[in-house]
Amino acid sequence: MSHDWVIRGGTVVTAEKTFRADVGIRGEKIAEIGPSLSANKVIDASGKLVMPGGVDSHCHVEQLSSTGKMCADDFYSATVAAVFGGTTTIVPFAAQHRGNSIVAVVDDYAKRAAEKAVIDYGFHLIIADPSEHALQVELPEMVKRGITSFKVYMTYELLRLSDEQMLDVLAAAERERALVMVHAENHEMIKWITKRLLERGHGAPKFHMSAHHPIAEAEATNRVVALSRLLDVPVLIVHVSGGEAVQTIRAAQTLGARVLAETCPQYLFLKAGDADKPGMEGAKWCCSPPPRDEASQEAVWAGLKDGTFAVLSSDHAPYRFDESGKLPKGDKTTFKEMANGIPGLQVRLPLLFSEGVGKGRLSVNEFVFLTSTNHARTYGIAEKGRIEAGADADIAIWEPEKRVTLTAAMMKDNVGYTPYEGMTVTGWPTTVLSRGRLAVHEGKLLLERGSGKFIARGVPAPVASAKMREGPAAILRKLIG
Ligand code: DUC
Ligand code: ZN
Ligand code: ZN
């Protein structure tokens, strides 16, 4: 039977195996995988790798921060940047701020994304105000709409939840069969250090790294593990940066705790010392948690290899090097006042492919698992992240030997700089398909603004695999239901 497209002669890579085959696409779906397929339109993939398009389950797009700063990327520029780097699905956040109705927030994000996104997307919620109404009325409504994960913060004055509120959110998530994502940093420690740094005139960007101390991350990581174990409810700790946090998570997993973890390229390829630059330049390396030291980089690599980490996301948090983001008070801005975050949607996959697969730290199948397949599974996206008959035809065709030097000029986002400026990577996804549509080819975007679709997600795998074990959480349940 003839297909609409055949990707011919490539090496197909999935999370499990690597094999030579053609991939036949009909409409939006992968229809057949096998030898000598025919179609009207053929993409020659000889010498190339045919992988599932990336799924980036942590990025910030057109999001208003708690202090009123708007991200530099809208749903158009962010999704264009993503697809040029081989990512075909994103799951950014719809951010509730205190006093906001969750339904109104989600409606607003949904409208903006539908007008602009070029690839498919879902949403996580950020819950900053877990009122009775939010948890009892609005969350169930959101889960019905396919928003099945919520992020909560343990730091930031206007976002952070108390431990009691975190337990409320965990209990609500269990009831609704949703997954809780946690930003784990100890707020009081960061606040205490920040105050003293600023009193001593240490406001330069590099002091951000000292304020967001690795022990603040380690303490909060321990605490969230305990909260999750108390109720036996799964959590996914996002953007893990420090070696001690990695150890804590691994130890919790060994004990049987339902604690998953995510890390990001900045914790593999950047270091705290990168922010030690003249003037305000170091702001381009400031994100939270910040990049750490070489020992932490090694711990994160080890955690990717041994399964401590479920996913590698970008945490693309785009802020320009001007008054709209990094420099609200120009060169008088202190690290406390600048927006936290760095861009990474376009470079996430090439960086990990080059330095992970290319340097023998990860297999190419582990790469696919960590950047695509396990994001879809973890967040309940049944149709993405796989090269299999019946899955969406979201495919990235890689030239494994292509060398590319990363520069701000080649980035499709609206940030204006990249913290990876000048780094040369080997391997790039030069042809990308999104739901059977040729998306990027020969350096050109072939997708229409607004043609991406909202993905209503199902039950996240860590939640679906729930089973009540005997132990302290089970005993507590018998008492409080
Ligand atoms: N947390 C994120 O997830 N992204 C950017 C900054 C932050 O604190
Ligand atoms: Zn965060
Ligand atoms: Zn983030």
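Whatever order the structure lists them in is the order used to number ligands and atoms, beginning at 1. Predicted model, so just to flag it, every value in this text is computed and none were measured.
The main-chain N or O of Ala339 is found under 3.5 Å from a side-chain atom of Lys326 such that the two form a donor-acceptor pair. Formation of a donor-acceptor pair under 3.5 Å by the Thr254 side chain with backbone atoms of Arg250 is found in this model.
Stacking of Lys116 on the aromatic ring of Tyr76 is not recorded, the 6.0 Å distance cut-off and the 45° axial limit not both being met. Taking the ring axis of Tyr121 as reference, the NZ or CZ atom of Lys453 does not stay both within 45° of it and closer than 6.0 Å to the ring centre.
Of all atoms in ligand 1, listed by their number and element, those nearer than 4.0 Å to a heavy atom of His239 are 1 (N), 2 (C), 3 (O). Close approach of ligand 1 to Asn340 (heavy-atom distance below 4.0 Å) involves ligand atoms 5 (C), 6 (C). With ligand atoms numbered from 1 in the order given, ligand 1 contributes 1 (N), 6 (C), 7 (C), 8 (O) to contacts under 4.0 Å with heavy atoms of Ser288. Ligand 1 places these atoms under 4.0 Å from at least one heavy atom of Tyr156: 6 (C), 7 (C), 8 (O). Ligand-side atoms of ligand 1 in range of His183: 1 (N), 7 (C), 8 (O), range being under 4.0 angstrom from any heavy atom.
Polar contact check, Lys151 against ligand 1: a nitrogen or oxygen pair lies under 3.5 Å apart.
At a 4.0 Å cut-off, not a single heavy atom of Val238 sits close enough to ligand 1 to count as contact.
Under the 30°/60° scheme for interplanar angles, the aromatic rings of His208 and Phe335 are found to stand perpendicular. Between Phe93 and His124, the ring planes lie tilted relative to each other; the angle falls in the 30° to 60° range.
Asp74 has no carboxylate O lying under 4.0 Å from a charged side-chain N of Arg112, or vice versa, which leaves the two without a salt bridge.
The nearest protein atom to atom 4 (N) of ligand 1, hydrogens excluded, is given as Asp315 OD1, 2.9 Å; this is a heavy-atom distance.
Rounded to 10 degrees, the NE2-metal-OD1 angle spanning His60 and Asp315 at the Zn ion (ligand 3) equals 100°.
Aromatic pair Phe84/Trp428: ring centres not closer than 6.0 Å.
Partner Pro265 forms a side-chain contact (heavy atoms from CB on, under 4.5 Å) with one of Leu312, Ile342, Val300 and no other, that one being Leu312.
Under 2.8 Å from the Zn ion (ligand 3) lies no N/O/S atom of His183, from backbone or side chain alike. For a distance bound of 2.8 Å, the N, O or S atoms of His58 include one lying that close to the Zn ion (ligand 3). The Zn ion (ligand 2) has an N, O or S atom of Lys151 closer than 2.8 Å.
At a heavy-atom distance under 4.0 Å, only side-chain atoms of Ala317, from C-beta outward, approach ligand 1.
The nearest N/O/S atom of His239 to the Zn ion (ligand 2) is NE2.
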